Amino acid sequence: MRVLIVEDATDVAEAVAIRLGRSGMACDIADSREAAEDCLAVQRYDVIVLDINLPDGLGTELLADLRGRGDRTPVLMLTALFSVDDRVTALDLGADDYLVKPFDQRELEARLRALVRREAEQKSDALVLGPLSFTPAALSATLSGAPLELTRREATLLGLLLRHRGQVLSKQRLYDGLFAFDDADVGVNAIELYIARLRKKLAGSGVGIETQRGLGYRIHADG
């Protein structure tokens, strides 16, 4: 999952990014509306965490612009403002959720996962395909009931494939879901390595990852 954090308080933004990173989310940080627009111009995000008060404008203005140009990326507003009018205004402009500072990081993570599930039309937090069961919240998986040992990035990649089962995801799309701008030293071909590792761990289970040459990868279950 790729997350854009639009927050001018550096300590808050970095703390959120570190915590979300441990949960397998690739995070980019923008400290202003202008910086956020620059990120959005070159990168697709699964969800945006957007503060209302920014040094060069309001987050609600950025939200209105996004919705005005048809961008439906889920947006969670993050702010110290807490009046009912503030919440109503943000929701009416197209915000998908609202969290007031100070907040518990666990609640933020849960709300972000819920927004992504909503977009994927999947209501359960467990992703199941044949004998494979994956829990995004814990980045853990079982295969026929037995724990499947996965690194954080292997688990994140598996979650991406499962969340979009039936779809062919390009190498670039998978890369964007695993790595943030700060990981620029990692090339897109790293995806091939992680795919190979997952295939080895899933071997003989009836769950496989198909390569469609020139297009990308698709996870499937036999039968």
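Since this is a predicted model, take the numbers as computed values, not measurements. One-based numbering along the sequence shown.
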I want to check a possible cation-pi pair here: Arg2 against Phe181, using under 6.0 Å from ring centre and within 45° of the ring axis as the test. yes
Intermediate values then yes/no, side chain to side chain contact (heavy atoms under 4.5 Å, CB included), Thr156 and Leu139: CA-CA 7 Å; Thr156 302; Leu139 285 182; 4.3 Å; yes
Using atom types as modelled and distance alone, determine if a side-chain donor or acceptor of Asp8 lies under 3.5 Å from a backbone N or O of Ser32. no
Hey, are Asp104 and Arg106 close enough for a salt bridge, meaning a charged N less than 4.0 Å from a carboxylate O? yes
Could Arg199 and Glu210 be called an ion pair, given the rule that one side-chain N must be under 4.0 Å from one carboxylate O? no
Check the pair Ile5 / Asp51 against side chain to side chain contact (heavy atoms under 4.5 Å, CB included), numbers first and verdict last. CA-CA 8 Å; Ile5 302 168; Asp51 190 20; over 6 Å; no
Can a donor-acceptor pair be found, under 3.5 Å and without considering hydrogens, that links the side chain of Arg152 to the backbone of Gly21? yes
Cluster partners of Leu193, using ILVMFWY side-chain heavy atoms under 4.5 angstrom, listed by chain and number? none
Mind checking side-chain hydrogen bond (donor to acceptor under 3.5 Å, both in side chains) for Gln105 and listing every partner two or more places apart, or none if nothing turns up? none
Glu61 bridged to Arg67 by N-O distance under 4.0 Å: no
Is a donor from one side chain sitting under 3.5 angstrom from an acceptor on the other, for Tyr175 and Asn189? no
Is a salt bridge present between Glu149 and Lys201, judged by a nitrogen-to-oxygen distance below 4.0 Å? no
Is it true that Asp46 and Arg173 make a salt bridge, defined as a side-chain N closer than 4.0 Å to a carboxylate O? yes
